[in-house]
Amino acid sequence: MSLKIYNTLSREKEPFESLEPGMVRMYVCGPTVYDSAHVGHAMSSIVFDVIRRYLEYKGYRVNHVMNYTDVDDKVIRKANELGVDPLDLAEKYIEEYDRLLESLNILPPSVKPRVSQEIDGIIELVEGLMAKGYAYEVDGDVYFRVSEDEDYGKLSRRQLEDMQAGFRFEVDERKESPMDFALWKAAKQGEPFWESPWGKGRPGWHIECSAMVLHHLGEQIDIHGGGNDLIFPHHENEIAQTESLTGKPFVRYWVHNGMLQIRGEEMSKSLGNMVTVDQFLSEHEGDVLRFLVLNASYRAPLVFTDEVVEQARRGLERLKGAFRPVASSVETDPSSQHDLIEMIQKAREGFESAMDDDFNSSAALAVLFELVRRINVARDAGVDAHTLGKAQDTLRELTRVLGLQLADKSVALLDAEPYIHLLIQVREELRNAKQFALADTIRDRLLQLGITLEDGKTGTTWKLRR
RNA sequence: GGCGACGUGGCCAAGUGGUAAGGCAAGGGUCUGCAAAACCCUCAUUCCCGGGUUCAAAUCCCGGCGUCGCCUCCA
């Protein structure tokens, strides 16, 4: 089986082949750090984390770069409102985002560059474009000359004429064409600036990503990702700049995630329907959001409502339930062992073929749920602990490829395990003696301590309650 | 106005030519002192609507309707 990835450029699933065998260069557009991240940002980071984890599972080494946009109109505006330094403000939200990545079990990107630390490379890039006639200066601003780029619009499938027809914002008359975009902006009063050949100024929005890719990954990369709202103009412009400069195809696979929507609306500050990641995590574990994301196609819009969150939480519980250990089993059923061993292999194959199909995580989850069911059946049938453990190990390994943590027991709790078993034993004797009131007290008290007891056919099992 | 995506059961959702995965919810049952969990059974003759292509369409084509995104900063 080989991996296929949907490429926004061709609008088709294509066999994945990296530029360099065994190695993937992946760049993902990160957030503009002017405010707290919302669950939509988290969705994007989760999607590309899953992609990375699966590529690593397939044996690739992944060089994963995610940028922080810390020099930007919005950052400056907000900093000025608050009367603080823009870079200090950005720093605060960068630290916050780093923490969120960790809480959501997102593997740290290999490099996390920031615009403010890439200025030299950006200036160099702009100079290169000017030297080749792709850019021009007006009063300290530098613009990209779109008319020079013959295949401009190939990613978003837009024609220059189409775009100009629907123009409904004010055009800067100094530009040669309305579609020309800023590579470098002359500094205005109260804005951070850097010295450049065109005077004091700062980078335009799109140029930063081109510069960071060139700096950290090279002229050509395998995967470039981000939300599908970035296709135009951001990624379109990145292609224009970078390919005009290098003359080489920039990105092999453009990968875009769909937008997360709250009740059919894009989540945005202006609509007042933001759910920040912090808010979400104060009520749910990170796995819930990840499960929600995994349960759908990463390319389609994601429905985010209280009901769907609750469904994700319960689905997760079912997944976790499969890790319960064998009870004090009475008699074993050999056929259950055979079925389970067979399922272990089938689950891995099914999982891989689902994920190979453009990271079809919801189909992969369906396979895992089949494994869960078979594990539960085998446990009820009294399968031996060794075989059950092997099936659980496979389930654990595959859920980890998806980045789910499930109920990873804390060390403290592992220490408590013998005592829990002791209590279960005592309670068992009380139940045999029909001392139900006392038996129930033990169950209730353990529940208060976060441990749920369940009396199954073959004995009592326990699990951690969230 | 232009460009693009999407519309599958009560909810989320997979499925791009061969006769509808999975999860949640719901109903019935097994087990159980009770509870919970688990397991078994049931739950879309049908995939927004109308045409067309085909032996065969949720899947391809045309036309509607609807939702969303982008065209201005946005994961």
Side-chain angles (χ1 to χ4, degrees), chain A residues 8 11 13 28-32 34-35 37-48 66 69 72-75 77 153 156-159 161-170 179 205 225-234 236 256-261 264-270 291-292 295-297 299-305 307-319 321-322 324 327 350 354 357 360-370 372-373 375-377 379-381 431 434-437 439-440 443-444 447 452-458 461 463:
Chain A
T8 307
R11 310 282 155 115
K13 287 178 192 171
V28 180
C29 285
T32 300
Y34 73 105
D35 205 347
H38 61 238
V39 284
H41 295 114
M43 174 197 176
S44 189
S45 287
I46 289 170
V47 164
F48 289 98
M66 184 197 78
T69 299
D72 162 272
D73 290 350
K74 282 191 287 193
V75 177
R77 193 190 322 136
S156 57
R157 310 230 161 160
R158 288 161 204 242
Q159 308 296 320
E161 311 82 72
D162 294 342
M163 292 185 267
Q164 287 164 31
F167 251 52
R168 47 168 217 243
F169 52 91
E170 283 192 35
M179 291 314 297
W205 176 37
N228 68 16
D229 53 344
L230 296 178
I231 294 172
F232 190 90
H234 187 55
E236 194 70 71
H256 292 98
N257 65 275
M259 296 291 99
L260 183 146
Q261 290 173 353
E265 295 169 326
E266 181 189 4
M267 179 160 14
S268 77
K269 245 195 144 177
S270 52
F291 185 95
L292 205 152
N295 189 42
S297 160
R299 286 193 276 129
L302 183 71
V303 176
F304 185 92
T305 60
E307 188 182 7
V308 166
V309 170
E310 177 60 16
Q311 287 173 4
R313 197 186 62 73
R314 296 196 187 205
L316 208 52
E317 285 303 312
R318 180 163 168 79
L319 230 35
R324 269 167 305 154
D357 182 18
N360 189 337
S361 53
S362 86
L365 276 182
V367 172
L368 296 185
F369 275 113
E370 174 68 13
V372 165
R373 213 191 91 244
I375 285 174
N376 290 334
V377 169
R379 187 197 296 104
D380 281 358
R431 290 172 69 213
K434 309 247 184 261
Q435 304 262 8
F436 295 124
D440 287 351
R443 183 171 65 191
D444 294 345
L447 186 65
T452 306
L453 295 191
E454 290 169 355
D455 302 329
K457 207 185 287 183
T458 51
T461 61
K463 68 176 182 184

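Letters A, B, ... are given to chains in the order of the sequence lines, protein chains preceding strands, and every chain is numbered from 1.
- Atoms CZ (A:Arg373) and P (B:A37) sit 18 Å apart, rounded to a whole Å.
- With P as the reference atom, B:G29 and B:A35 are 14 Å apart, rounded to whole Å.
- Across all strands, A:Arg318 comes closer than 4.0 Å only to sugar-phosphate atoms, never to a base (heavy-atom distances).
- A 3.5 Å limit on both hydrogen-bonding distances identifies no Watson-Crick or G-U partner for B:A44.
- Rounded to whole Å, the P atom of B:U45 lies 13 Å from the corresponding atom of B:A21.
- Distances shown here put a side-chain N or O of A:Asn360 below 4.0 Å from the OP1 or OP2 atom of B:G15.
- Comparing the P positions of B:G18 and B:C60 gives an interatomic distance of 12 Å, to the nearest angstrom.
- A:Gly30 comes within 4.0 angstrom of the backbone, heavy atoms only, and of no base.
- The cationic group of A:Arg318 does not satisfy the cation-pi geometry with A:Phe369, failing either the under 6.0 Å distance to the six-membered ring centre or the 45° limit from the ring axis.
- If you check every strand for non-hydrogen atoms under 4.0 Å, A:Ala296 touches sugar and phosphate atoms only.
- One can place CG of A:Asn295 at 14 Å from C1' of B:G15, the figure rounded to the nearest angstrom.
- Residue A:Ile231 is classed as having no contact, given no heavy-atom separation below 4.0 Å to the nucleic acid.
- A:Gly321 comes within 4.0 angstrom of no nucleic acid atom, judged by non-hydrogen atoms across all strands.
- Centre separation under 5.5 Å together with a plane angle under 30° does not hold for the ring of A:Phe369 and the six-membered base ring of B:G22, so they are not marked as stacked.
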